[in-house]
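Data first, discussion second: the structure below is written as structure tokens.
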Number of protein chains: 2
Amino acid sequence: MRLKKLEISERVVQRLTEYLSILKEARKQDSEINSIELAKIMNTTSAQVRKDLSTFGEFGVRGKGYDIDNLIEIITRILGIDKTNDVIIVGHGKMGEMLSSNLDVLGEGFKIIGIFDKDNDKIGKMAANNLVVQDIRNIGEFIKNMKNDSNIKINMAILAVVKEQAQIAAEGLVKNGISAILNMTTCKLELDKNVKVVDMDISAKLQELNFWRINNTENNIDEKI
Amino acid sequence: MRLKKLEISERVVQRLTEYLSILKEARKQDSEINSIELAKIMNTTSAQVRKDLSTFGEFGVRGKGYDIDNLIEIITRILGIDKTNDVIIVGHGKMGEMLSSNLDVLGEGFKIIGIFDKDNDKIGKMAANNLVVQDIRNIGEFIKNMKNDSNIKINMAILAVVKEQAQIAAEGLVKNGISAILNMTTCKLELDKNVKVVDMDISAKLQELNFWRINNTENNIDEKI
DNA sequence: TAGATTGTTAATCGATTAACAATC
DNA sequence: TAGATTGTTAATCGATTAACAATC
């Protein structure tokens, strides 16, 4: 696979995950797809589909379209989920529990290798995946041992603590070498710029939805005093 | 409050939810904030902050800035969460259970008034919030009764079924008058255009994060064969 | 009044799309 | 070869930002 050196926008990466999901669905029916069909499902233009994909290389066949299996493989590789990526979950409340026990929710390509909490009532308890909830205070040691014993370098975490603890917990993670955080809390994390944070704020999304629900008369907010 | 008639972009609404979250945090320290401070926390420019807010009216005081409490109240109203908005949850697996039992996760302004599943093992069971899991097949009746008995018009749902059921379940909801769906599944829903869907795909977000984690050397993917 | 910060206009930047030569 | 669809360029559109008059 040939990858171009290029500035890649967040938008393109977001759509890449959508293409992957659509292609996995489409593969049940067909073995090929073209940019027009893909665009229709994506609610966009075929030009955008082709441009997005061409960011990463030439994957199509002129006159025919794209081989679905091939495209799935390529996008899978671009997103780095052709291998298994190790993740730790921090916080074992309702959210952390759901994430660790619902196998489907993280999707393929990710493996939970540690679950942490600061609550003594939870530490030591058996969680899903044959994992025991560990003391968050031992996270540095855990990461170090993983590196030494198995040569596994952990740098990705899912943050699922209560929002009051989010900032301080995140800082602790960063101190211990975590550089990628999926933030499931409502807290806006303020961390070093080279730490990549992706926010997953359910309440914010619900607020968005509610805005559009209220202002759904196509076009939209009336002038009112 | 004066609301301007205007095309509002999804981006602006997204940021509105962020401003709200930041302002709620800031209110603990201060009673006023200006666009420069707000921009710094948001990682953007003061111009964007002022432009975003001015989409909805004139809320600042020249020479001073914005009153935090006032701005919170205004954004709260714009997002429609100054009142309580009724939501139903469809699917009472790990995800649905988490959503209905974790009070914080939906945030203020939303109330779960019904929980549904199609699984006979789950129907009739007591869930959180003193709600009993109802048969999804009775959802039409439930919505009709709510309308007749309490004049509550339900049109917002959180879809938390397994992805194989997502499309068919969503269609059922729409048939019964739901026009706003927070989609917690990985499935890309294909519904009538006037149904507003907001996707909340954890695995997709994790894929995104993983991409940036892998390609985090500031600038970024190398040319390679 | 002087200093500060808003709201808004105009300039810039980046993302989307139309169009088409390349090519299967 | 004729028909189709890609990959890419150039045009368009929309979003961000700089700059500044308005005004507290």
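Below, chains carry the letters A, B, ... as their sequence lines are ordered, and counting in each starts from 1.
In terms of position on DNA chain C, the residue among B:Ile33 and A:Asp52 whose nearest nucleotide sits closer to the 5' end is B:Ile33.
B:Arg50 has no side-chain polar atom (N or O) that falls below the 4.0 Å cut-off from OP1 or OP2 of C:dG7. One finds no side-chain N or O of A:Ser35 lying less than 4.0 angstrom from the OP1 or OP2 phosphate oxygen of D:dT5. The shortest distance between the side-chain N/O atoms of A:Tyr66 and the OP1/OP2 oxygens of D:dG7 is below 4.0 Å. Remark: A:Ser46 is not in phosphate contact with C:dT17, judged by side-chain N or O atoms under 4.0 Å from OP1 or OP2. A sub-4.0 Å separation between OP1 or OP2 of C:dT17 and a side-chain N or O of A:Thr45 is present.
When each of D:dA15, C:dG7, C:dT17 is scored by its nearest atom to the side-chain atoms of A:Gln48, the top-ranked nucleotide is C:dT17. The side chain of B:Ala47 has D:dT17 as its nearest neighbour among D:dT17, D:dG7, D:dC20. Between D:dG7, C:dT9, D:dT6, one nucleotide has an atom nearer to the side chain of B:Lys51 than all others, and that is C:dT9.
In the interface, the side chain of B:Arg11 is not paired with the base of D:dA15 through any donor and acceptor atom under 3.5 Å apart. Side-chain atoms of A:Arg62 and base atoms of D:dT6 include a donor and an acceptor less than 3.5 Å apart.
Salt-bridge check for B:Glu37 with B:Lys40: failed, with every basic side-chain N at 4.0 Å or more from each acidic carboxylate O.
Across every strand in view, C:dA18 sits in a pair with D:dT9 that passes the Watson-Crick or G-U test at under 3.5 angstrom.
Between the OG atom in A:Ser100 and the CD1 atom in A:Ile115 there is a gap of 4.0 Å [rounded to 0.5 Å].
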